[in-house]
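Bear in mind the structure is a predicted one, so any value in this text is a computation, not a measurement.
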Amino acid sequence: QCLLSSQSLANQYGTPHSNISTKSGIALLYNEETNNTYDVCLKLTKEVLTIQKLDVVCTSGSETQVNVHLLRTAGDEVTITVRYLREVPSFLKLPLGSPGLDHSRVSSPLFDSGLHLNGNGNNTAPSPPSPSANEPKYEKRWLDAVCLPLLMARVSRYKAGTDKLRCNCFEVFALDGASTNILQFCTAAESTDWLQAISTNINDLTQENVMNKYCSSDDQIVHMGWACESPEGSTAGRTSVFKFLALRGPYFYIFRSPPISAADWGQAETTYNLYEVLFKVHKLWMAEDCWLQARLYLGLEHSPEQQDNESLCFSILVGHGQSHTFRVELASDLAIWEKSFQRAVFLEVQRIRSKSYMCSSQGNVLCFTIDFGSGFTCSEGTSKTVLWQYKFSQLKGSSDDGKTRVKLLFKNAESKQIEMKELEFANLTAVLHCIHSFIAAKVASMDPLFMCSQSFSGNYMNS
């Protein structure tokens with residue numbers, strides 16, 4: 001079992017070090033059902049996002065405090081008998097003409113605290129005499145209204161089921177589906193700052209709950225998290241849906257909900273072999289521009305008001321021309337997914353070392369092998385006699401018909417001439433993706449910067 005609760009993990013191994021964001025501030029909360037907006041106080045900790053609402057509480061008055069305590073501890077259902085009290089209208093300072101109004105009474109503590117109930121008074125009225133010891137006093141205080149656990153939570157800046165981006169707004173959803181409703185901020189910078197802080201805590205909690213030490217070296221979790229899947233093309237009746245993605249061992253997983261237990265990993269909606277998957281970012285980020293890359297990783301590039309619908313999207317291209325398109329909320333999320341796919345594919349190629357596919361050429365059944373050490377080999381399907389062999393560096397180009405046939409162009413090491421080999425495969429896309437994975441892993445293995453970054457001593461990878 002590779003996932004445990006945050007509490008059990010902390011109890012057994014202590015809390016791993018991570019850059020936890022702790023924040024507090026004021027925002028607007030918009031309820032789409034009631035169409036109401038009001039101020040709330042946000043408090044972000046390592047594991048919880050708390051939303052506080054302004055309320056009036058009794059701070060003194062023994063009898064009132066006892067009654068409040070009784071109500072709070074009475075259980076889920078309370079029966080209250082109400083009777084008319086002539087002194088109440090005067091206490092609340094109701095308008096003239098209210099039943100039982102006694103103008104001789106002093107102004108009420110409730111009114112003077114700033115709370116007006118059906119009254120038109122103002123705060124400039126003379127201060128009343130000091131109340132008796134048992135007379136209640138009231139104050140406005142921030143009280144917890146919603147406490148949303150961040151473990152496996154997700155955030156969204158888009159209207160549900162659409163690609164329509166909300167301006168300076170986002171919503172947080174807990175694992176059980178509970179929501180904060182829509183949080184609004186005054187500026188895009190403030191909205192992005194809160195979004196980044198909450199996302200950081202969610203990602204850190206996810207990392208802490210990955211138990212790779214109990215998984216074999218071939219079954220390690222590289223990365224996982226939420227992304228919104230967009231319908232392909234102009235598919236009628238389909239809307240964007242959040243999916244939970246995971247890179248684990250030899251597979252790329254797509255779930256409807258996060259895998260909490262070991263059994264949940266067998267309930268994936270779809271799985272793909274990593275070496276037959278091609279990861280593609282929709283927007284081209286120039287790797288040579290170190291400043292742009294730094295802004296991308298920090299989430300500073302393309303603020304929400306500048307982003308188009310494809311600026312934070314990536315596609316997973318799989319066999320037989322199929323694909324999945326996913327959208328993330330921050331540029332830093334996109335960068336993490338790209339780096340994680342590179343790492344996961346590299347590890348898988350290192351693990352399997354070679355992959356063979358049956359193919360045909362000029363009516364003959366052949367076996368085409370991609371080997372991390374030796375390159376490309378083609379042999380007879382029955383006798384295994386090697387017909388030709390080339391290194392990765394000898395592949396100079398290729399072309400295909402988009403269906404089953406591919407032409408590979410190799411440079412002969414002795415004659416320096418280009419030699420063309422035409423092969424036909426049942427699943428050409430998977431073969432081409434596999435070739436890409438092996439060549440990319442080969443190039444990466446000769447890059448000292450990449451290899452240094454593969455010291456998997458962090459939270460995800462267990463060295």
Side-chain angles (χ1 to χ4, degrees), residues 18-30 32 37-52 146 148 150 152-160 162-174 179-207 223 225-228 230 240 242 245 281-286 289-314 326-340:
S18 57
N19 297 321
I20 296 298
S21 296
T22 302
K23 285 175 63 67
S24 62
I26 303 297
L28 286 175
L29 187 66
Y30 174 67
E32 287 183 304
T37 302
Y38 46 89
D39 289 333
V40 293
C41 180
L42 301 181
K43 288 191 175 182
L44 177 66
T45 63
K46 172 183 174 180
E47 296 180 344
V48 175
L49 174 64
T50 301
I51 299 178
Q52 296 181 321
V146 176
L148 204 72
L150 297 179
M152 301 295 182
R154 61 179 175 88
V155 294
S156 177
R157 294 180 292 118
Y158 294 80
K159 287 190 174 182
T162 73
D163 291 328
K164 188 173 182 179
L165 184 66
R166 293 190 178 105
C167 182
N168 304 342
C169 302
F170 63 82
E171 200 168 356
V172 186
F173 297 86
S179 167
T180 59
N181 286 320
I182 301 169
L183 298 172
Q184 297 180 341
F185 298 87
C186 296
T187 65
E190 187 180 9
S191 176
T192 302
D193 187 44
W194 270 99
L195 184 64
Q196 183 74 65
I198 295 172
S199 297
T200 297
N201 285 15
I202 292 174
N203 289 334
D204 286 345
L205 283 173
T206 302
Q207 291 179 21
H223 184 62
W226 288 99
C228 188
S230 302
S240 299
F242 274 89
L245 314 180
V281 177
H282 283 209
K283 190 169 284 285
L284 178 63
W285 303 101
M286 300 303 292
D289 186 347
C290 60
W291 296 108
L292 174 61
Q293 199 172 48
R295 295 196 300 273
L296 168 67
Y297 275 79
L298 293 173
L300 302 179
E301 185 64 26
H302 287 275
S303 59
E305 71 270 20
Q306 296 173 320
Q307 292 169 355
D308 54 58
N309 287 340
E310 289 194 349
S311 62
L312 297 179
C313 292
F314 64 88
F326 299 99
R327 183 189 68 227
V328 293
E329 299 297 324
L330 293 165
S332 55
D333 295 334
L334 184 64
I336 290 173
W337 276 112
E338 184 175 19
K339 291 294 183 182
S340 298

- Task: Looking only at non-hydrogen atoms, find the nearest pair between Ser199 and Val155 and report the distance.
- Result: OG-CG2, 3.6 Å
- Query: Say you draw a straight line from OG of Ser240 to NZ of Lys164; how long is it, rounded to the nearest 0.5 Å?
  - Reply: 14.0 Å
- Message: Looking at Lys159, is its backbone amide N or carbonyl O close enough to the side chain of Thr162 to form a donor-acceptor pair, meaning the two atoms are under 3.5 Å apart?
- Response: yes
- Item | Non-hydrogen side-chain atoms of Gln196 and Leu330 separated by less than 4.5 Å | yes
- Task: Decide yes or no for Asp204 and Leu150: does some side-chain heavy atom of the first lie under 4.5 Å from some side-chain heavy atom of the second?
- Result: no
- Item | Contact summary for Ile202 and Ala153, nearest pair of heavy atoms | CG2-O, 3.3 Å
- So how far is it from Asn201 CG to Thr45 OG1, rounded to the nearest 0.5 Å? 7.5 Å
- To the nearest 0.5 Å, atom CG of Leu312 lies from atom CG of Asp333 at 8.0 Å
- Task: Calculate, to the nearest 0.5 Å, the distance between atoms OH and CZ belonging to Tyr158 and Phe242 respectively.
- Result: 9.5 Å
- Message: Is the distance from the ring center of Phe170 to that of Phe185 below 6.0 Å?
- Response: yes
- Message: Using the rule given for side chain to side chain contact (heavy atoms under 4.5 Å, CB included), can you reason through Glu47 versus Leu205, listing the C-alpha separation, both sets of side-chain angles and the distance that settles it, and then say yes or no?
- Response: CA-CA 7 Å; Glu47 296 180 344; Leu205 283 173; 3.7 Å; yes
- Message: Please report the interatomic distance CD1(Ile198) to CD(Glu329), rounded to the nearest 0.5 Å.
- Response: 11.5 Å
- Query: Are any of the side-chain heavy atoms of Trp194 and Leu183 separated by less than 4.5 Å?
  - Reply: no
- Tell me, do Val48 and Leu148 make a side-chain contact under 4.5 Å, heavy atoms counted? no
- Task: Answer whether the closest heavy-atom distance between the side chains of Val328 and Phe314 falls below 4.5 Å.
- Result: yes
- Rounded distance [0.5 Å steps], SG in Cys169 versus CG in Leu28: 9.0 Å
- Determine the interplanar angle of the His223 and Trp337 rings, folded into 0 to 90°, and report it as parallel if under 30°, tilted if 30 to 60°, perpendicular if over 60°. perpendicular
- Item | Modelled atom types, side-chain donor and acceptor of Ser156 and Glu171, under 3.5 Å | no
- Query: Does the distance from a Lys or Arg side-chain N to an Asp or Glu carboxylate O, for Arg166 and Glu32, drop under 4.0 Å?
  - Reply: yes
- Scanning both residues in full, the closest heavy-atom pair of Ala197 with Lys23 reads CB-CD, 3.4 Å
- Test item: Asp163 and Arg327 side chains (from C-beta on) under 4.5 Å apart, heavy atoms: yes
- Applying side-chain hydrogen bond (donor to acceptor under 3.5 Å, both in side chains), which residue pairs with at least one partner in residues 180-189 are found, sequence neighbours left out? none
- Taking all non-hydrogen atoms of both residues into account, name the closest pair between Glu190 and Ile26 and its distance. OE2-O, 3.8 Å
- Query: Do Ile51 and Cys41 touch side chain to side chain, with heavy atoms closer than 4.5 Å?
  - Reply: no
